[in-house]
Amino acid sequence: MKCPETKTVNVVDTYFGIEVKDPFRWLENDRSSDTEAWVKAQNETTFNYLKTIPYRDELKKRLSDIWNYEKLSAPFVEGDYTYFSKNDGLQNQDVIYRQKGDETPEIFLDPNTFSKNGTIALDGLSFSENGKILAFSISEDGSDWRKIIIIDTDTKKAIEDPLVDVKFSLMSWFKNEGFYYSSYDKPSGSELSAKTDQHKVYYHKLGTSQKEDVLIFGGTTEEKHRYIYASVTEDNRYLILTPRISTTGNKLLIKDLSKPDSSLIPILNHTNSDTHFVDHVDESLFLITNLNAPNKRLVRVDISNPSEDNWIDVIPETNHVLTITKGGGYLFANYMEDATSKVKQFDFSGTCIREIELPGIGTAFGFSGKKNESTLYFTFTNYYTPPSIYSYSSQSGEISLYWSPKIAIDTNNYISEQVFYKALDGTKIPMIITYKKGLNLNGKNPTILYGYGGFNISLTPVFSVTNIIWMEQGGVFAVPNIRGGGEYGRQWHDAGTQFNKQNVFNDFIAAAEYLINNQYTSSEYLALRGGSNGGLLVGAVMTQKPQIAKVALPAVGVLDMLRYHTFTSGAGWAYDYGTAEDSLEMFNYLKNYSPVHNVKEHTEYPATLITTGDHDDRVVPAHSFKFAAELQSKQSGKHPTLIRIETNAGHGAGTPVNKIIEQYADIFAFTLFNMGFKELPNSMH
């Protein structure tokens with residue numbers, strides 16, 4: 001099929017004396033009329049193609065039918081009310097409800113009324129100590145930029161002007177007087193793509209204008225703190241700051257709010273670890289850290305002398321990665337064992353009270369609340385079990401089902417199995433493979449291999465309507481826990497960063513080979529999928545091994561590795577990637593796998609559907625635009641090479657339900673059609 005031709009412009013960059021052509025640089029200008037025309041032409045071609053797939057509408061209807069079930073969040077108490085979020089089924093955004101005692105719940109905030117097309121999303125809620133004032137943030141058109149709106153919870157009316165230009169921020173109240181938040185100066189260039197790398201923490205006092213907000217930290221030193229998060233302890237005694245230079249590693253600072261003139265005291269003044277405040281009891285701080293403990297440990301230290309030399313283990317490091325929550329006066333240790341959850345309850349002396357019996361093998365999260373709350377909640381899910389909410393008594397350990405969804409599909413028909421395969425260098429990698437019971441291992445099952453492999457992010461089993469629809473068609477959904485992720489701690493992450501990044505791609509390739517060798521599928525029925533850093537994964541693997549899969553589905557990917565750090569907050573990703581300016585060796589390493597720079601002439605690439613959003617200001621759409629232009633100009637095979645650009649959408653968070661359904665109907669239809677299916681593999685009736 002014929003794609004629109006993309007003009008080339010003679011642009012050359014020089015790195016360490018080596019010239020690199022960038023003929024599609026003009027596509028980085030995200031608001032130019034030329035780029036706008038290119039987006040329109042590409043979408044026209046893509047949607048004209050998708051319209052020819054006979055079962056595209058049937059997939060969309062099936063997705064809508066199954067998606068249409070009630071979804072609920074765990075409840076939480078603020079002031080006189082219990083709050084929770086609910087979605088009736090196909091609402092574009094979840095609605096916040098509240099309930100006083102046994103009264104009938106009422107709608108408190110309905111983000112579906114914020115815009116006609118559902119593209120304004122609620123991003124975060126933060127209540128004042130007495131629950132009388134709420135600060136909530138909204139995202140418009142999928143952007144990472146936020147507005148903070150402040151309302152009286154009794155009247156639900158705004159009590160002052162919104163705060164603007166907020167990004168990557170918590171909202172943390174000090175009593176009922178005001179709150180801390182984080183922001184960048186508004187960029188001088190494009191708000192969607194210009195660099196933002198000096199984060200600042202401000203204090204906003206209620207009743208004052210934003211221009212009067214007090215700068216607490218950031219923006220005044222030569223060292224660039226690209227991400228700074230501020231939180232106030234539950235008793236309003238301390239302010240905790242975690243300045244970061246990159247997405248990995250943080251400093252830790254504390255300020256005594258009971259003494260107005262107190263200064264910020266460093267607990268850690270380096271970024272060699274990920275260390276975070278958990279709680280304080282009397283004069284002791286409790287911190288979770290991977291300093292000298294790659295799988296993390298919980299430590300205690302006296303607040304009067306908090307340097308790392310004085311840390312004492314409360315919950316020591318084990319062979320499994322630890323995360324900590326707190327509630328009801330207890331600590332909850334969630335251990336990740338081969339990407340699944342095991343949870344234990346501890347007291348603050350480090351004594352284990354009990355191991356919590358979870359409903360099955362999968363992912364459990366929650367177990368958090370205020371110190372005076374004895375009933376806590378947790379959610380359990382896996383790849384074929386929709387999230388159910390359980391109540392938990394922190395005193396007795398009793399568990400009871402609080403709520404479970406009623407979904408119009410029999411999830412008992414599906415099964416997950418965990419396998420371990422060897423990577424190229426012999427490393428053992430786990431992979432969870434989920435499918436309909438009775439699968440015939442004949443090498444002809446349509447299979448999606450999904451991966452991420454970066455930023456210490458762990459892929460644990462969670463339910464998705466879209467995955468169930470795929471598996472309902474006889475599809476296999478396989479997720480390997482490749483290096484670069486956090487499934488086995490700091491060392492696993494580091495084994496997939498910078499000069500080790502090729503490990504990530506090799507691990508993914510080995511996962512594909514395992515599925516093929518064991519007859520789950522074959523190259524003719526295999527699709528590679530990943531988003532963001534996972535989009536890089538797909539782009540790198542499809543350019544290195546173009547014959548390994550029939551279909552490639554890179555979403556919102558980081559695809560130009562020589563220039564990623566020049567856009568928005570991209571410079572903060574250098575811990576994982578390194579940058580082309582670091583050294584000749586780093587430049588060569590990046591250039592050798594950068595997907596945009598490794599599309600070759602006279603090569604047959606898989607059928608490719610690139611997806612991105614025109615308002616993505618985290619991984620700017622220019623990555624996807626340039627990769628699409630390269631593929632379209634060099635693809636020698638007959639496979640389609642298309643890009644689907646969602647308008648008024650960003651990196652993914654807050655995307656309206658109707659757009660998600662349309663996207664996945666298109667992705668699955670494209671995938672199956674290019675695997676040779678003229679009709680859906682399994683009847684839906």
Side-chain angles (χ1 to χ4, degrees), residues 248-250 252 267-268 272-279 281 284-301 308-368 376 378-382 392 394 397 399 418-420 427-432 453 455-462 480-497:
T248 294
N250 65 277
L252 191 62
I267 298 173
L268 278 181
N272 299 335
S273 70
D274 296 288
T275 300
H276 297 281
F277 172 85
V278 173
D279 206 346
V281 177
S284 292
L285 296 175
F286 290 81
L287 313 172
I288 185 169
T289 183
N290 60 9
L291 187 66
N292 303 319
N295 291 335
K296 296 191 178 177
R297 57 186 171 130
L298 184 80
V299 300
R300 174 177 57 81
V301 68
E308 60 198 84
D309 296 338
N310 299 314
W311 294 1
I312 299 167
D313 281 6
V314 177
I315 302 178
E317 181 188 25
T318 69
N319 291 329
H320 306 293
V321 178
L322 171 69
T323 56
I324 291 281
T325 55
K326 60 175 183 174
Y330 290 95
L331 298 163
F332 294 87
N334 196 327
Y335 292 99
M336 188 161 36
E337 296 189 16
D338 297 328
T340 62
S341 297
K342 296 282 192 300
V343 183
K344 295 181 179 180
Q345 180 179 347
F346 287 83
D347 65 19
F348 277 83
S349 71
T351 301
C352 183
I353 307 297
R354 62 179 67 89
E355 180 169 346
I356 296 166
E357 189 173 339
L358 299 177
I361 296 172
T363 301
F365 55 90
F367 298 103
S368 62
L376 307 175
F378 71 92
T379 299
F380 177 81
T381 182
N382 58 34
Y392 176 78
S394 61
I399 295 172
Q418 187 171 54
V419 301
F420 292 85
T427 300
K428 189 170 75 169
I429 313 286
M431 175 163 58
I432 296 178
F455 294 90
N456 199 39
I457 289 172
S458 303
L459 296 186
T460 61
V462 292
N481 298 107
I482 57 183
R483 282 173 284 185
E487 290 87 351
Y488 294 104
R490 180 74 178 260
Q491 292 168 344
W492 196 254
H493 174 207
D494 287 348
T497 61

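The basis for the numbers below is simple: all heavy atoms, side chains too, and nothing from hydrogens, waters or symmetry mates.
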Heavy-atom closest contact ([X] atom, [Y] atom, distance):
| X | Y | value |
| --- | --- | --- |
| N292 | E317 | O-OE1, 4.3 Å |
| A364 | S341 | N-OG, 3.0 Å |
| P316 | V314 | CD-O, 3.7 Å |
| A339 | P461 | O-CD, 3.1 Å |
| L291 | N272 | CD1-O, 4.5 Å |
| G249 | D274 | N-OD1, 2.9 Å |

For residues [X] and [Y], determine if any side-chain heavy atom of one lies less than 4.5 Å from a side-chain heavy atom of the other.
| X | Y | value |
| --- | --- | --- |
| R300 | L285 | no |
| V301 | I312 | no |
| R297 | I315 | no |
| L358 | V343 | yes |
| L252 | L287 | yes |
| Y488 | N319 | no |
| H276 | N250 | yes |
| F332 | L376 | yes |

*side-chain contact (heavy atoms from CB on, under 4.5 Å) between M336 and L322, intermediate numbers included*: CA-CA 7 Å; M336 188 161 36; L322 171 69; over 6 Å; no
*Can you say whether the rings of F378 and F367 are parallel (under 30°), tilted (30 to 60°) or perpendicular (over 60°)?*
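Answer is parallel, since the angle falls under 30°.
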State the [atom1]-[atom2] distance between [X] and [Y], to the nearest 0.5 angstrom.
| X | Y | atom1 | atom2 | answer |
| --- | --- | --- | --- | --- |
| Y330 | S394 | OH | OG | 6.0 Å |
| H493 | I457 | NE2 | CD1 | 8.5 Å |
| L298 | K326 | CG | NZ | 11.5 Å |

Side-chain donor or acceptor of [X] paired with backbone N/O of [Y] under 3.5 Å:
| X | Y | answer |
| --- | --- | --- |
| D347 | S349 | yes |
| N456 | R490 | no |
| T289 | T275 | no |
| E308 | I267 | no |
| N481 | E487 | no |
| Q418 | P430 | no |

*Heavy-atom neighbours of I361 CD1 exceed 12 at 6.0 Å*: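 Counting other residues, nucleotides and ligands, CD1 of I361 stays at 12 neighbours or fewer.
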_Does E337, at its CD atom, have more than 12 non-hydrogen atoms belonging to other residues, nucleotides or ligands within less than 6.0 Å?_
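Above 12, so yes.
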*Could you check T460 against S458 for side-chain hydrogen bond (donor to acceptor under 3.5 Å, both in side chains), going step by step and ending with a plain yes or no?*
CA-CA 6 Å; T460 61; S458 303; over 6 Å; no
_Determine whether V278 and L331 satisfy the following criterion, side-chain contact (heavy atoms from CB on, under 4.5 Å), listing intermediate values before the conclusion._
CA-CA 9 Å; V278 173; L331 298 163; 3.9 Å; yes
_For S368 and T325: C-alpha separation, side-chain torsions, deciding distance, then whether side-chain hydrogen bond (donor to acceptor under 3.5 Å, both in side chains) applies._
CA-CA 6 Å; S368 62; T325 55; 5.8 Å; no
*Worked verdict on I288 versus F277 for side-chain contact (heavy atoms from CB on, under 4.5 Å)*: CA-CA 7 Å; I288 185 169; F277 172 85; over 6 Å; no
*Charged tip of K342 within 45° of Y335 ring normal and under 6.0 Å*: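 Relative to the ring axis of Y335, which defines the angle, K342 lies outside at least one limit.
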*Could you walk me through whether I399 and I356 pass side-chain contact (heavy atoms from CB on, under 4.5 Å), step by step?*
CA-CA 9 Å; I399 295 172; I356 296 166; 3.7 Å; yes
*What do the steps show when you test F348 against F286 for ring pair (Phe, Tyr, Trp, His ring centres under 6.0 Å), and what is the final call?*
CA-CA 9 Å; F348 277 83; F286 290 81; 5.1 Å; yes
